[in-house]
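Only one structure is covered here, and it is reproduced in the block below.
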Amino acid sequence: MKKIILAMICAVASLGALAQDSKLTVNAGFLFPSTLNATVGYERSFTYGNAVEIYGEIGNHWKSGPGQFWKGYYWDGGLIYKHRLHRYKNGSFRVRFGPQFGAVERRFFIGIEGGFEYNYVFQNGCEFSIIQKNNVNFLHGDTFRNGLMLGFKIPF
C-alpha cells in the first residue's frame with residue numbers, strides 16, 4: 001500500500017512539473033508602418049529555456065480616409081524558434097526567428113520573422129512578455145513590419 005501511495009505522489013508531482021512546458025500565448029501591439037496586430041499561439045518549452053511557438057496572427061495595416069480603416073487587413077501563421085540568451089531571477093531574454101506565411105488583401109505571401117522577447121514569470125506560473133518584432137515578407141507590397149507587442153503566457 002505504501003508503494004502505491006508513493007507512486008501516486010510521484011505521478012502527481014511529475015504532472016505538476018510538466019505543467020510549465022506548454023503555454024497559451026496572447027499578444028497585441030503596434031507595428032510600423034500603421035499596423036495593429038494580435039497574435040494567439042501555442043508555446044512548447046525545451047531544456048535550457050529554449051522554446052518553439054506555433055502561432056496565428058491577424059493585423060490591420062490601415063489607410064487614411066473615410067471607410068478605409070479595415071481595407072488593409074492581413075492574416076498569417078508560422079513557427080518561431082526562441083533561443084534563450086540570458087536568464088534572470090524571474091525572467092528570461094530570448095532571440096526569436098522563423099518562417100511565416102499568410103495573405104494580405106487577397107494576395108498570399110511568405111516571410112521571415114525575427115526579434116527579441118523578454119519574459120517575466122509571476123509566482124503562479126503566468127508570464128508577461130514584451131516582444132520586439134521584425135517581419136520581412138515577400139510576394140506583395142507590405143514588405144517590412146516592425147514594432148513592439150505586449151502579451152501574456154498562460155500555462156496549461
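Since the model is a prediction, treat every value here as computed from it, not as a measurement.
Judged purely by distance below 3.5 Å, without hydrogens or angles, the side chains of E43 and S22 never pair a donor atom with an acceptor atom. Judged purely by distance below 3.5 Å, without hydrogens or angles, the side chains of Y55 and Q100 pair a donor atom with an acceptor atom.
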Chi angles and distances behind the side-chain contact (heavy atoms from CB on, under 4.5 Å) call for I54, R44 = CA-CA 9 Å; I54 296 175; R44 179 77 177 167; over 6 Å; no
request  = Take Y73 and V104 through the side-chain contact (heavy atoms from CB on, under 4.5 Å) test and state the conclusion after the steps.
outcome  = CA-CA 6 Å; Y73 72 93; V104 60; over 6 Å; no
query = Step by step, would you call N137 with D76 a side-chain contact (heavy atoms from CB on, under 4.5 Å)?
reply = CA-CA 11 Å; N137 301 318; D76 62 32; 5.6 Å; no
inquiry  = For F128 and F152: C-alpha separation, side-chain torsions, deciding distance, then whether side-chain contact (heavy atoms from CB on, under 4.5 Å) applies.
reply    = CA-CA 5 Å; F128 172 73; F152 284 98; 4.1 Å; yes
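Rounding to the nearest 0.5 angstrom, the gap separating the CG atom in L148 from the CZ atom in F32 is 9.0 Å. Atom CD of residue E127 and atom CD1 of residue I154 lie 11.0 Å apart, to the nearest 0.5 angstrom. To the nearest 0.5 Å, atoms OG1 (T35) and CG (N60) are separated by 8.0 Å. Here the straight-line distance linking atom NZ of K23 with atom CD of E53 works out to 11.0 Å at 0.5 Å rounding. One distance of note links CG of N119 with SG of C126; it measures 12.0 Å at 0.5 Å rounding. In this structure, OH on Y81 lies 13.5 Å from CZ on R96, to the nearest 0.5 angstrom.
At a threshold of 4.0 Å, the pair R145-E113 does not count as salt-bridged, since none of the basic side-chain nitrogens sits closer than that to a carboxylate oxygen.
Proximity of V136 to F144: side-chain heavy atoms (C-beta onward) are separated by under 4.5 Å at one or more points. With a 4.5 Å cut-off on side-chain heavy atoms, I130 and M149 do not count as touching. Looking only at side-chain heavy atoms (C-beta outward), F30 and L36 come within less than 4.5 Å of each other. Looking at heavy atoms from C-beta onward, S129 lies in side-chain contact with K153 at the 4.5 angstrom threshold.
Panel note: side chain N37, backbone L31; no donor-acceptor pair is recorded below 3.5 Å. T25 contributes a side-chain N or O that, together with a main-chain N or O of G41, makes up a donor-acceptor pair within less than 3.5 Å. Judged purely by atom type and a 3.5 angstrom limit, R94 uses its side chain to pair as donor or acceptor with the backbone of G49.
Using bins of under 30°, 30° to 60° and over 60° for the plane-to-plane angle, the ring pair F156/Y42 lands in the tilted bin.
Residue K133 forms a side chain to side chain contact (heavy atoms under 4.5 Å, CB included) with just one option from T39, N27, I80, and that option is T39. Applying ring-ring contact (aromatic ring centres under 6.0 Å, His included) to F93 and the options Y118, Y120, Y88, F116 leaves one that passes, F116.
Judged by the 6.0 Å distance and 45° axis criteria, R107 is not positioned over the aromatic ring of Y74.
Linking ILVMFWY side-chain heavy atoms closer than 4.5 Å, directly or via other members, places V95 and I131 in two distinct hydrophobic clusters. A single hydrophobic cluster is seen to contain both L150 and F122, as judged by linkage of ILVMFWY side chains at heavy-atom distances under 4.5 Å, directly or through other members.
Aromatic rings of F109 and F138 (six-membered ring for Trp) have centroids beyond the 6.0 Å cut-off, not under it. In this structure, F101 has its ring center no closer than 6.0 Å to that of F108.
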